[in-house]
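In what follows, a single structure is set out as structure tokens and then discussed.
We number each residue from 1, following the sequence as shown. Side chains are part of it too, since the values below use all heavy atoms of this structure and drop only hydrogens, waters and symmetry mates.
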Amino acid sequence: MTSLPIPTCGASDKPRFLVLFDFDETIINESSDDAVIQALPGQRLPDWLINSYREGHYSEYSQRVLAYMAEQGVTEDAIHAAVKRIPPSPGFLDLLQYLQSHHEDFELVVVSDANMYFIETWLECAGVRHLFFKIFTNPGSFDETGRLVLQPFHSHLCSGCPDNMCKQLILREYLAGRQKERGGEPFQRIFYIGDGANDVCPSRVLGPRDTAFARKEFPMHRLLMEMKTSQPAQVKANLVPWNSGDDIVDALKKIMEER
């Protein structure tokens, strides 16, 4: 993949818009956890390990999977190669190219329940890491034995989110912190791009000028559509479904024309 140009804006600049990206099945077109399993001999997990998963505890499950992979002799190089091979979602490199061409207007952030090693590796290999101002995800690094070790991002009290991450809490804290850093100036609009059930909670923070871009027919889309019908007060943002990054570019172009 060809690297996109490095933006010239610095942290002191004040982009008008904030764009938040999920990673798995949003920036990339599959789950990074599933993709690295291809590095295993036989390319599948044993049933006992698959059956150990508990709802809301995916981070713990991922740690067991990575420990098993290390026991099976899967190396850091093999995991790196598996992550590098993951394809981007359709049109997402074009979307990032568009955002880069308007870098003075858009601040880009990743909020993902994957891990830092997978995300940093993929973004760097794709030549787009420099476009992102911040990455919020579970810490992940290789220890001295060659095992990729994950840590939970934080603890929280939100009953609707996985035990290791509430994306709404991350978004609220980020908006408050960035507003202080920006001299009290908030972002004019927020765009949240995702696909999964854990992208619903942060979408509830968005206001009527903001947009939740939900991957069409994925859990985020279905759940927000249901909430708009049954609990309309819970979803104030515009809901725009997407099949590719081109759909998002088209929507952003219309918003840019409004200024």
Side-chain angles (χ1 to χ4, degrees), residues 1-32 35 80 83-84 86-141 150 153-154 165 167-179 181-182 186-196 198-199 202-203 205-206 210-213 215 242 244-245 248-249 252 256:
M1 299 177 187
T2 303
S3 297
L4 299 184
I6 296 176
T8 57
C9 62
S12 61
D13 292 295
K14 297 180 182 179
R16 297 183 298 143
F17 306 131
L18 175 65
V19 188
L20 301 119
F21 290 81
D22 177 46
F23 183 66
D24 289 335
E25 298 184 295
T26 297
I27 293 178
I28 60 173
N29 203 30
E30 56 190 82
S31 163
S32 53
H80 186 280
V83 172
K84 183 178 178 179
I86 302 172
S89 288
F92 261 66
L93 292 183
D94 292 335
L95 167 60
L96 292 174
Q97 178 71 67
Y98 173 78
L99 293 170
Q100 161 61 18
S101 69
H102 295 278
H103 61 81
E104 69 280 1
D105 289 307
F106 295 99
E107 179 167 300
L108 278 54
V109 173
V110 173
V111 185
S112 168
D113 199 8
N115 66 77
M116 190 63 79
Y117 180 81
F118 289 174
I119 295 175
E120 291 270 13
T121 295
W122 193 92
L123 294 178
E124 287 171 2
C125 288
V128 296
R129 171 61 185 93
H130 60 280
L131 302 182
F132 293 90
F133 187 76
K134 184 77 174 178
I135 297 173
F136 294 99
T137 190
N138 302 297
S141 59
L150 307 184
F153 179 78
H154 62 188
M165 177 173 286
K167 293 185 177 183
Q168 180 182 138
L169 178 59
I170 292 171
L171 177 52
R172 287 184 180 277
E173 291 181 346
Y174 186 74
L175 290 174
R178 287 296 284 137
Q179 185 165 337
E181 293 168 359
R182 290 158 55 94
F187 291 100
Q188 292 179 17
R189 297 192 186 197
I190 303 168
F191 306 104
Y192 190 100
I193 307 171
D195 72 283
N198 65 353
D199 296 313
S203 297
V205 175
L206 306 180
D210 304 326
T211 303
F213 289 103
R215 191 167 190 176
W242 61 271
S244 78
I248 299 171
V249 170
L252 293 177
M256 293 290 284

Could you measure the distance from the [atom1] atom of [X] to the [atom2] atom of [Y]? Nearest 0.5 Å is fine.
X: Ile27; Y: Ser89; atom1: CD1; atom2: OG; value: 8.5 Å
X: Phe187; Y: Glu107; atom1: CZ; atom2: CD; value: 3.5 Å
X: Lys167; Y: Leu169; atom1: NZ; atom2: CG; value: 13.5 Å
X: His103; Y: Leu108; atom1: NE2; atom2: CG; value: 11.5 Å
X: Leu96; Y: Leu131; atom1: CG; atom2: CG; value: 6.0 Å
X: Glu124; Y: His80; atom1: CD; atom2: NE2; value: 7.5 Å

Do [X] and [Y] have side chains that approach each other closer than 4.5 Å (heavy atoms only, starting at C-beta)?
X: Leu252; Y: Leu99; result: yes
X: Arg16; Y: Met256; result: yes
X: Asn29; Y: Ile86; result: no
X: Glu30; Y: Pro87; result: yes
X: Thr211; Y: Arg189; result: no
X: Ile248; Y: Ile193; result: yes
X: Leu18; Y: Arg178; result: no
X: Gln100; Y: Val128; result: no

Inset, instruction - Check for a donor-acceptor pair, side chain of Ser101 on one end and backbone N or O of Tyr98 on the other, with a separation under 3.5 Å. - result: yes

Legend entry - Residues which pass ring pair (Phe, Tyr, Trp, His ring centres under 6.0 Å) with Tyr192, listed by chain and number, not counting sequence neighbours: none

Shortest non-hydrogen contact from [X] to [Y]?
X: Val249; Y: Asp94; value: CG2-O, 4.4 Å
X: Ser31; Y: Glu25; value: N-CG, 3.8 Å
X: Pro186; Y: Gln179; value: CB-OE1, 3.7 Å
X: Met165; Y: Ser112; value: CE-O, 3.2 Å
X: Ala114; Y: Asp24; value: CB-OD2, 3.8 Å
X: Gln188; Y: Asp210; value: O-OD1, 4.5 Å

Inset, instruction - Look at the rings of Phe17 and Phe106 and say which category their plane angle falls in: under 30° parallel, 30 to 60° tilted, over 60° perpendicular. - result: tilted

Legend entry - Test of ring centre spacing under 6.0 Å for Phe132 and Phe21: yes

Inset, instruction - Flag the pair Asp22 and Arg215 as a salt bridge only when some basic side-chain nitrogen lies within less than 4.0 angstrom of an acidic carboxylate oxygen. - result: no

Legend entry - Intermediate values then yes/no, side-chain contact (heavy atoms from CB on, under 4.5 Å), Leu206 and Leu171: CA-CA 10 Å; Leu206 306 180; Leu171 177 52; 4.3 Å; yes

Inset, instruction - Using the ring pair (Phe, Tyr, Trp, His ring centres under 6.0 Å) rule, pick out the option among Trp122, Phe23, Trp242 that qualifies with Phe92. - result: Trp242

